[in-house]
Amino acid sequence: MNHKQQSNDGKHDDDSALSDFLASLMDYTPSIPDELVEHCLAKSGFQCPDVRLIRLVAVASQKFVAEVASDSLQHCKARQAAGAKDKRDKQPKDKRLILTMDDLSKSLREVGHFESIDFVYGVNVKQQEYFADNPSTGMDPASRDE
Amino acid sequence: MKDGGLENKNELENSKKQSKPYKFYRKSDNFALAIAKVAVAQVCESVGFQSFQHSALETLSDVTARYICTLGKTSNFNANLAGRLESNVFDIIQGLEELESGLGFVGASDVNRCLAHSGVVKDIVHFVGDAADVPFAYDVSRFPVVKERKGMGSFWEKGEEPHGEHIPCWLPAFPDPETYAAQSTARNETMSVSNGVKTGLVRIERKIERPLLNFQQQFARNGNEGGSSPVGGDSGKAREASNSNPYLAAPLHFGEKDVDVSPVILPTKLSNEVASRDPVPENRFVGNQVSVLETFAPAIEAIKSGICEYGSGKKNVLCSQRPTVRFKIGIGKKSLNTTPNFISKNKDLEKIENDNQKDERKRSRIF
């Protein structure tokens with residue numbers, strides 16, 4: 001019913017674009033293996049004999065992971081840039097890029113649409129940096145004497 | 001909890017093989033989670049990360065697995081809503097739109113949009129065009145692997161005729177006759193001892209208990225090997241089974257091992273009788289079968305001398321000996337106490353008990 005206004009050629013192009021894309025998916029090998037995707041989909045009740053749809057789901061989830069990872073990368077780089085500006089006595093920040101829980105939780109919260117993240121452990125909770133056994137641990141000796 | 005970080009993907013994979021499994025709440029999914037970790041690590045590496053924290057990697061792989069599951073669930077729901085069992089591409093696209101609706105995608109506000117050229121699909125097309133083709137690092141076979149389990153076989157499959165017209169041929173066949181026919185030598189032994197209805201009860205119960213043990217043995221073996229096998233000549237296998245499975249091992253005879261079974265002090269008369277009982281050597285060819293006979297032999301003697309009634313005599317005998325661990329498969333007398341979670345007050349005897357034993361203990365306490 002939506003296509004009544006469109007010309008038949010236009011509709012044909014859209015459909016063929018989708019089917020062409022699905023066909024091209026078979027050439028592209030996603031990083032997430034088909035077996036894992038099939039297992040997870042089977043667990044949730046998804047039934048389809050078509051392999052192209054499995055590939056579509058694999059590509060979609062790879063895109064999701066790439067989005068989250070790139071967001072975390074930006075957070076990580078921003079943190080390194082901020083650290084370098086401070087000019088501390090200690091060693092400069094690591095040049096290596098490490099995926100940390102802090103960055104990951106920030107980017108997952110931003111991505112936000114995924115409702116089950118709410119009860120994923122530790123993602124929405126502020127991470128404790130360390131636990132000390134008494135309040136004066138780690139303080140300067142001068143202040144501790146006081 | 002900052003890890004040192006790992007240099008490259010190979011190091012990460014090696015450490016993953018050596019590290020202990022983390023305590024996730026989805027313990028049954030360890031294999032899928034491990035594969036997801038490798039896949040996510042590959043994607044992150046292609047994005048630009050050089051190393052990961054363990055916890056971050058696990059979290060992200062778990063979120064990815066959930067994403068796929070949610071997508072599958074939504075697509076299945078959409079398909080069912082349309083009256084179909086199998087999902088098609090439009091169900092998936094709708095599911096993707098639902099997931100992306102938090103952030104928004106091109107054309108989300110368009111009420112009359114067509115799914116075929118949805119903004120979500122265009123994003124994916126762009127992604128596929130831009131992203132490098134990084135195939136998965138390992139060869140993964142289909143999982144979970146379904147184990148072919150050879151069943152017991154129906155009458156029709158075995159080529160046997162059912163015993164009566166009321167039994168259809170597609171039902172599983174009866175077990176081999178050896179499992180439920182009583183041994184002839186043991187039966188002669190009991191005939192000489194028995195007199196009266198009470199010993200008849202003992203005989204019937206022994207008749208039920210021993211073939212049950214045979215059947216359990218056979219069942220345990222069938223579970224491992226598949227296919228039925230006669231019990232008679234398999235003493236070697238029984239010993240082998242008993243070596244691996246402690247529950248099938250021959251129970252200890254009286255006096256063989258000092259075990260603190262219970263602090264219950266036996267009446268002196270009964271303990272003397274039990275001590276003077278000699279084990280019968282000729283019945284000893286398979287440990288499990290003989291043990292049942294020997295377990296009840298003192299009870300028979302106790303009944304013969306008329307000390308106490310059938311139930312409590314058995315109870316005292318059991319206190320002096322280490323009780324046989326038995327698994328009931330639904331055959332046996334119904335006890336008065338029908339609660340399945342009956343916790344024995346005698347906490348020292350924390351073994352799997354017969355309903356009869358619980359019942360008799362309760363009765364003896366009442367008396």
Side-chain angles (χ1 to χ4, degrees), chain A residues 2-3 14-15 17-18 21-22 24-25 28-33 35-50 52-53 56-57 59-66 68-70 72-73 76 94 96-101 103-104 108 111-114 116-117 120-123, chain B residues 2 5 32 35-36 39-40 42-44 46-53 55-57 59-60 62-73 75-76 85-89 92 96 99-103 112-114 116-117 121 123-125 127-128 131 133-136 140-144:
Chain A
N2 293 334
H3 300 294
D14 291 330
D15 285 349
L18 188 58
F21 169 64
L22 288 176
S24 70
L25 269 184
Y28 177 81
T29 317
S31 299
I32 300 180
E35 289 79 13
L36 173 68
V37 175
E38 276 181 23
H39 176 249
C40 289
L41 289 178
K43 258 180 59 170
S44 59
F46 180 90
Q47 257 182 313
C48 189
D50 200 350
R52 296 176 299 173
L53 296 186
L56 179 62
V57 173
V59 165
S61 38
Q62 184 180 347
K63 175 170 162 287
F64 168 76
V65 173
V68 172
S70 61
S72 314
L73 191 69
C76 186
D94 285 340
R96 279 186 319 189
L97 296 163
I98 304 176
L99 175 66
T100 60
M101 272 305 282
D103 298 333
L104 184 65
L108 279 173
V111 167
H113 52 247
F114 197 24
S116 51
I117 288 178
V120 170
Y121 35 86
V123 170
Chain B
K2 206 160 199 155
I35 294 184
V40 163
Q42 276 183 274
V43 174
C44 290
S46 68
V47 167
F49 277 109
Q50 285 146 359
S51 52
F52 323 90
Q53 277 186 346
S55 50
L57 183 64
T59 309
L60 190 53
D62 191 52
V63 168
T64 308
R66 276 181 205 258
Y67 183 87
I68 301 176
C69 286
T70 308
L71 197 50
K73 227 190 322 181
S75 315
N76 190 37
L85 280 181
E86 293 182 352
S87 314
N88 64 18
V89 65
I92 297 180
L96 279 171
L99 283 174
E100 297 278 329
S101 59
L103 268 186
N112 293 330
R113 69 176 181 276
C114 171
H117 49 188
V121 181
D123 288 342
I124 296 183
V125 172
F127 174 76
V128 170
D133 193 355
V134 182
F136 189 64
V140 185
S141 56
R142 279 194 69 90
F143 71 95

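Proteins come first, then strands; the chains are lettered A, B, ... in the order of their sequence lines, and each starts at number 1. The shown structure was predicted, so the numbers you read here are calculated from the model rather than taken from an experiment.
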Return the minimal non-hydrogen interatomic distance between B:Cys44 and A:Ala69, and the atom names on each side.
-> SG-CB, 4.0 Å
How would you list, by chain and number, every residue that makes a side chain to side chain donor-acceptor pair (under 3.5 Å) with A:Asp50, sequence neighbours excluded?
-> A:Arg52
Indicate the atoms forming the closest heavy-atom contact of B:Leu96 with A:Ala60, along with that distance.
-> CD2-CB, 3.6 Å
Of A:Leu25, A:Leu73, A:Val65, A:Asp103, the largest count of non-hydrogen pairs under 4.5 angstrom with chain B goes to A:Leu73
Let me know if B:Phe49 has heavy atoms under 4.5 Å from chain A in its side chain, its backbone, both or neither.
-> both
Could you pull out all residues at least two apart from A:Glu38 that satisfy salt bridge (charged side-chain N to carboxylate O under 4.0 Å, His left out)?
-> B:Arg142
Taking every heavy atom of A:Met101 against every heavy atom of B:Ala56, the minimum-distance pair comes out as SD-CA, 3.5 Å
Roughly how far apart are A:Leu41 CG and B:Ser75 OG, rounded to 0.5 Å?
-> 7.5 Å
Polar side-chain atom of A:Gln47 near backbone of B:Glu86 as donor-acceptor pair, under 3.5 Å | no
Heavy-atom pair with the smallest gap, counting every atom of A:Arg96 and B:Gln50 | CA-OE1, 3.1 Å
Stepwise side chain to side chain contact (heavy atoms under 4.5 Å, CB included) check, A:Ile32 with B:Thr64 = CA-CA 10 Å; A:Ile32 300 180; B:Thr64 308; 4.2 Å; yes
Pair A:Phe21-B:Val128, side chain to side chain contact (heavy atoms under 4.5 Å, CB included): steps then yes or no = CA-CA 10 Å; A:Phe21 169 64; B:Val128 170; 4.2 Å; yes
Reported CD-to-CG distance for the pair B:Gln53 and A:Leu99, which is rounded to 0.5 angstrom | 7.5 Å
Chain A heavy atoms under 4.5 Å from B:Leu60: which part of the residue, side chain, backbone, both or neither?
-> both
From B:Thr59 OG1 over to A:Leu108 CG, what is the distance, rounded to the nearest 0.5 angstrom?
-> 8.5 Å
Taking A:Ser24, A:Ala66, A:Ser70 one by one, which has the highest count of heavy-atom pairs under 4.5 Å against chain B?
-> A:Ala66
Nearest heavy atoms of B:Ala32 and A:His39, plus distance in Å | CB-ND1, 3.7 Å
Identify the two heavy atoms, one from A:Cys40 and one from B:Cys69, that lie closest to each other, and give their separation to 0.1 Å.
-> O-SG, 3.7 Å
Distance (rounded to the nearest 0.5 Å) between A:Phe46 CZ and B:Ile68 CD1 | 11.5 Å
If you count heavy-atom pairs under 4.5 Å between each of B:Ile35, B:Ile92, B:Asn88, B:Leu85 and chain A, which one has the most?
-> B:Ile92
Pick from B:Val40, B:Leu71, B:Val47: which one has the most heavy-atom pairs with chain A under 4.5 Å?
-> B:Val47
